[in-house]
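Structure, as structure tokens:
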2 protein chains.
Amino acid sequence: MATVKYSRQRESILSYLRSTTAHPTAETVFNHVREICPSISLGTVYRNLKQLETLGIIRRISCGDGNEHFDGTVSPHYHLFCRSCGSVSDINMPLLADLNQLASHYTEGTIEGHSTIFYGLCATCVKPR
Amino acid sequence: MATVKYSRQRESILSYLRSTTAHPTAETVFNHVREICPSISLGTVYRNLKQLETLGIIRRISCGDGNEHFDGTVSPHYHLFCRSCGSVSDINMPLLADLNQLASHYTEGTIEGHSTIFYGLCATCVKPR
DNA sequence: CTCAATAATAGGAATTGTTCTTATTATAAA
DNA sequence: TTTATAATAAGAACAATTCCTATTATTGAG
């Protein structure tokens, strides 16, 4: 049931996401993938982003500014959301000791993962102009 | 400039947020505050939620399901987002040592704060029915 | 190879969450 | 009081996302 069939559009989306560390929005993905697949529609981008996320192939980053960002890297790492320019950048910091396990001691629910986002100014915005 | 004037509507919104640990959405806030202010409009709820957030009186929680949740508690603490029922609950776990400071060693940007959300099943959804 | 089943698409309509606009009302300070 | 202006209700406008439908592409079987 529901076998996944190949599509050039999905491959382009994934390939673009894996080629950048900019954590683009759906709109940005659309604009880039358009250059390879000129006839792609925005609906196709949204559908595939959702599917790839569900399959665990990409990650969604919600930073509270009303824009969803996407990440082609699924291994856990940290992000910095810049309150000035709205960018999302990686922070290459070692992962903390198992937060999930620690948290599980403090709830009767089940912990399956977590996400940490830092807020502040990115390297570009913090520099004097 | 821009002095803040009292309004019964804002007070009701804040009072409701502080009375619950359910981390309601704007829509839910609207439905509850309606019982005290029957003529309140959804726009007023959104405007005040945004203002209270800007003033640092409440917090916004973005968990990636397309629904913004609000928290009348502003002191740092952890949340669990339930993938089954979509609820946001508190996890009363001691705060980790200063993550902000640690992260600042790994970026040229400025860290002002962070947010950690756990994902999994809440206590209610994990129990056998 | 050819064909049948069906997943995926493009394009646009529809939906949803949120913000904006405007005339009116409430607050607060002189 | 009076006056300046912040806040409101109501609904229009907007933007991000999902849904709909007829068509196209992929894939596995024969």
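Here is how names work: the chains are called A, B, and so on, in the same order as the sequence lines, proteins then strands, and each is numbered from 1.
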Roughly, in whole Å, what's the span from CG in B:N48 to C1' in D:dA7? 8 Å

Figure out the CG/P separation between B:L42 and C:dT18, and round it to whole Å. 9 Å

Does B:S41 have a side-chain nitrogen or oxygen under 4.0 Å from the phosphate oxygens OP1 or OP2 of D:dT8? no

Using a 3.5 Å distance criterion without hydrogens, assess whether the side chain of B:T20 forms a donor-acceptor pair with backbone atoms of B:A22. yes

Please classify the nucleic acid contact of A:Y6 as base, sugar-phosphate, or nothing, using heavy-atom distances under 4.0 Å. sugar-phosphate

Any side-chain N or O of B:N67 below 4.0 angstrom from OP1/OP2 of C:dT16? no

Please tell me which of A:Q9 and B:V4 maps to the more 5' nucleotide of DNA chain C, matching each residue to the nucleotide holding its nearest heavy atom. A:Q9

Hydrophobic cluster membership, B:L99 vs A:L95, 4.5 Å side-chain cutoff: yes

Over how many whole Å does the gap from A:E68 atom CD to D:dA16 atom P extend? 12 Å

Straight-line distance of A:F30 CZ to A:C37 SG, nearest 0.5 Å: 11.0 Å

Report yes if at least one side-chain N or O of B:Y46 is closer than 4.0 Å to OP1 or OP2 of C:dT18; otherwise report no. yes

Tell me what A:E27 touches on the nucleic acid: a base, only sugar-phosphate, or nothing, going by heavy atoms under 4.0 Å. nothing

Between B:R10 (CZ) and C:dA28 (P), how many Å, whole number? 10 Å

In whole angstrom, what separates B:F30's CZ from D:dT8's P? 13 Å

For the residue pair B:T116 and A:T116, confirm or rule out a side-chain donor-acceptor distance under 3.5 Å. yes

Which part of the nucleic acid, if any, lies within contact of A:R8, taking any heavy atom under 4.0 Å across all strands shown: a base, the sugar-phosphate backbone alone, or nothing? nothing

OP1 or OP2 of C:dT19 less than 4.0 angstrom from a side-chain nitrogen or oxygen of B:R47, does that happen here? no

Between the side chains of A:E112 and B:R83, is the shortest nitrogen-to-carboxylate-oxygen separation below 4.0 Å, so that they form an ion pair? yes

Can you tell which of C:dT9, C:dA10, C:dA8 lies closest to the side chain of A:Q51? C:dA8

Using a cut-off of less than 4.0 Å, is there contact between a side-chain N or O of B:K50 and OP1 or OP2 of C:dT19? yes

Given D:dT8, is OP1 or OP2 found less than 4.0 Å from the side-chain N or O atoms of B:S7? yes

If the cut-off is 4.0 Å, is A:T44 near the phosphate of C:dA10, judged by side-chain N/O to OP1 or OP2? yes

Gap between atoms CD and C1', on B:E53 and C:dT19 respectively (whole Å): 15 Å

Whole Å only: how far is the NZ atom of B:K5 from the P atom of D:dA6? 6 Å

A:D65 CG to C:dG17 C1': how many Å, rounded? 15 Å

